[in-house]
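Encoded as structure tokens, the structure appears first; notes follow it.
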Amino acid sequence: MKPTHLNINPNFSDPDTFYAALTNIHRDLDREQSERVNARLVLLLANHIGDLGTLEEALSIASELSND
Amino acid sequence: MQQTYTNPIYDYVRSDDQDAEARQHHPVIIVGAGPCGLAAGIDLALQGTPSVIIDDNNTVSVGSRAICFSKRTLEVMDRYGCADRMVKKGITWKRGKVFFQNELTYDFDLLPETDHKLPAFINLQQYYFEEYLVDRIADMEGVDLRWENKVIEIDNQETVTHITVATPEGNYTISCDYLLVADGANSNIRTQLGLESKGQVFQDRFLIADVVMKANFPTERWFWFDPPFHRNQSALLHRQADNVWRIDLQLGWDADPEEEKKEHNIRPRLEAMLGKDVEFDLEWASVYTFQCRKMDNFVHGRVIFMGDAAHQVSPFGARGANGGIQSVENLAWKLSRILRNEALPSLLQTYNTERQEGATENITNSTRATDFITPKNRISRIFRDETLRLAKKNPFARTLVNSGRLSTPCIYQSSPLNTSDDAHFQGKLTVGAAAHDAPAQINGHDDWLLKQLGNCFVAMINVDLIDQPSLQLELQALKEINDLRILLVSSQLEPTDLNETYNERCHWVFDTKGLIVERYDLQPGNAYLFRPDQIISARWKHFTAAAINKAKKKALGFTLESAA
């Protein structure tokens with residue numbers, strides 16, 4: 001098995017505040033605006049991670065829609 | 001409608017082959033006098049192999065078609081003796097702007113590395129590119145270029161190919177050891193042999209127009225995503241020679257190509273883009289559907305495919321003609337040495353493997369650009385548009401904006417012709433990469449490193465420790481190796497009292513700015529071996545003549561599995 005770089009263990013400095021902020025930015029948006037915000041968020045965070053291997057792990061876990 | 005350029009007409013000339021009693025035989029026949037066919041004739045001649053080029057037309061490209069030629073292509077052209085004229089006529093550019101909807105998103109500078117002879121890119125109409133190659137052929141021995149000659153029948157046998165050629169004065173048949181096929185994307189020869197080029201057609205249409213403008217737009221590549229003058233589509237404006245501007249307008253899959261080609265339909269689109277007040281004349285226009293496809297094998301016995309006939313890409317990234325020229329330079333030296341019995345025919349298979357890698361890279365890049373320009377579904381469009389919006393203030397997003405990744409030479413990193421490094425080298429270069437240029441002084445004159453490479457193998461050695469007797473012995477041994485030129489690189493001027501280690505096979509290269517040492521990490525006693533196509537095939541921190549000879553044999557394919 002190849003070594004995991006994506007951190008799937010707790011890493012938030014303040015998980016509840018982040019979650020509240022995440023849902024809060026969508027509160028007054030319609031569906032299309034929300035899609036745009038999510039796209040921007042993905043792009044910003046993906047660049048912050050940068051490493052392709054780590055991003056591919058995230059893409060892989062994210063796309064397992066029925067395996068949870 | 002074309003006003004800035006008049007196509008030269010090349011007369012049909014009766015060949016001696018048509019009057020010969022017996023069927024005449026040639027080592028190489030090339031079908032197609034486009035950029036790749038013409039380049040192949042010149043390259044083969046420079047390596048001592050004569051060829052016949054057959055073309056069914058009597059002029060160069062009608063309309064501009066390819067416009068953007070990369071540094072690597074220009075370096076190959078410099079080896080052919082054609083680059084100076086191309087650079088002089090062409091438009092050297094390095095800046096560009098990307099627009100999204102109503103706004104400028106960002107501008108860029110290619111920031112090419114300084115101290116190279118040739119620029120990163122020039123824009124030059126394909127007809128000039130071809131015309132200069134035709135002129136070069138007229139000046140050299142060994143290329144028999146036959147206009148208004150059309151291949152109508154092909155009989156490819158195991159070691160010989162016969163072709164029947166139609167001319168205005170009737171048919172004749174000739175034969176060859178190797179047939180090079182460069183007759184374009186819709187290759188007749190490929191069809192006649194029942195072979196396929198496989199890939200995808202993009203469900204989109206593009207209007208490509210060349211216009212002459214009096215207005216002075218800057219010499220920059222301008223690319224618009226979803227501009228107000230052409231909603232939901234893309235547009236490109238780029239300058240060529242003679243004040244001709246290339247305009248690409250995405251039309252969508254539903255556009256009617258016959259209608260869109262008509263001037264009265266083109267004009268309003270261009271007026272919307274350029275502004276009502278801008279005067280322009282339409283030079284040439286066509287509507288295209290783009291394809292990315294290639295053949296599974298470019299080598300079929302002794303029939304070898306090149307250029308668009310072998311591999312075709314969409315134009316974003318300028319990888320069509322540039323990729324084609326890289327295929328030509330890869331093939332010419334190999335074929336010449338096979339014909340001279342200095343390499344085994346199996347070396348030809350590495351033309352296929354190395355250029356399959358190049359073609360795959362080009363297809364991947366141009367497919368990604370096409371997918372960015374034409375998003376495949378709603379969410380892709382959202383990601384595309386948000387990438388463009390973020391790009392205005394967030395530099396990271398500019399790395400994702402893809403209106404074409406401009407052509408760079410393929411690095412044949414896994415080629416079986418490479419010899420692995422004996423120790424670590426600093427810097428960007430690797431075996432399998434094309435040589436990088438640097439200033440140098442040869443015989444007291446300012447010159448360039450790349451001018452010293454090519455057409456034969458070249459060993460480049462830093463001889464700043466030349467006094468060592470062991471190094472002298474190695475140099476003596478190197479001179480015994482056939483098809484090898486030796487460059488003695490030094491941080492010192494050429495000694496006036498150079499002894500017998502120096503003769504016509506050795507050339508003193510004064511590293512004027514220290515950039516050869518820097519770019520190649522070529523420390524005293526280090527050595528590089530370049531193939532005749534200027535690709536690095538091996539390098540050593542501690543070289544011996546025997547190691548160089550062994551690496552040269554490997555580059556000639558003598559250790560390939562099928563060569564055993």
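Below, read A as the first sequence line, B as the second, and so on, with proteins coming before strands; counting in each chain starts at 1.
Contacts between residues 20-44 of chain A and chain B, defined by a heavy-atom separation under 4.5 Å, are made by E32(A), E35(A), R36(A), A39(A), R40(A), V42(A), L43(A), L44(A). Heavy-atom neighbours of chain A within the stretch residues 396-405 of chain B, taken at a separation under 4.5 angstrom, comprise F396(B), L400(B).
Within 6.0 Å of atom NZ in K376(B), more than 12 heavy atoms from other residues, nucleotides or ligands are found, so the atom counts as buried in its surroundings. Atom CZ of F108(B) sits in a crowded spot, with more than 12 heavy atoms from other residues, nucleotides or ligands closer than 6.0 Å.
Residues passing the salt bridge (charged side-chain N to carboxylate O under 4.0 Å, His left out) test with K198(B) are D296(B), sequence neighbours excluded. With sequence neighbours left out, the salt bridge (charged side-chain N to carboxylate O under 4.0 Å, His left out) criterion links D204(B) to no other residue.
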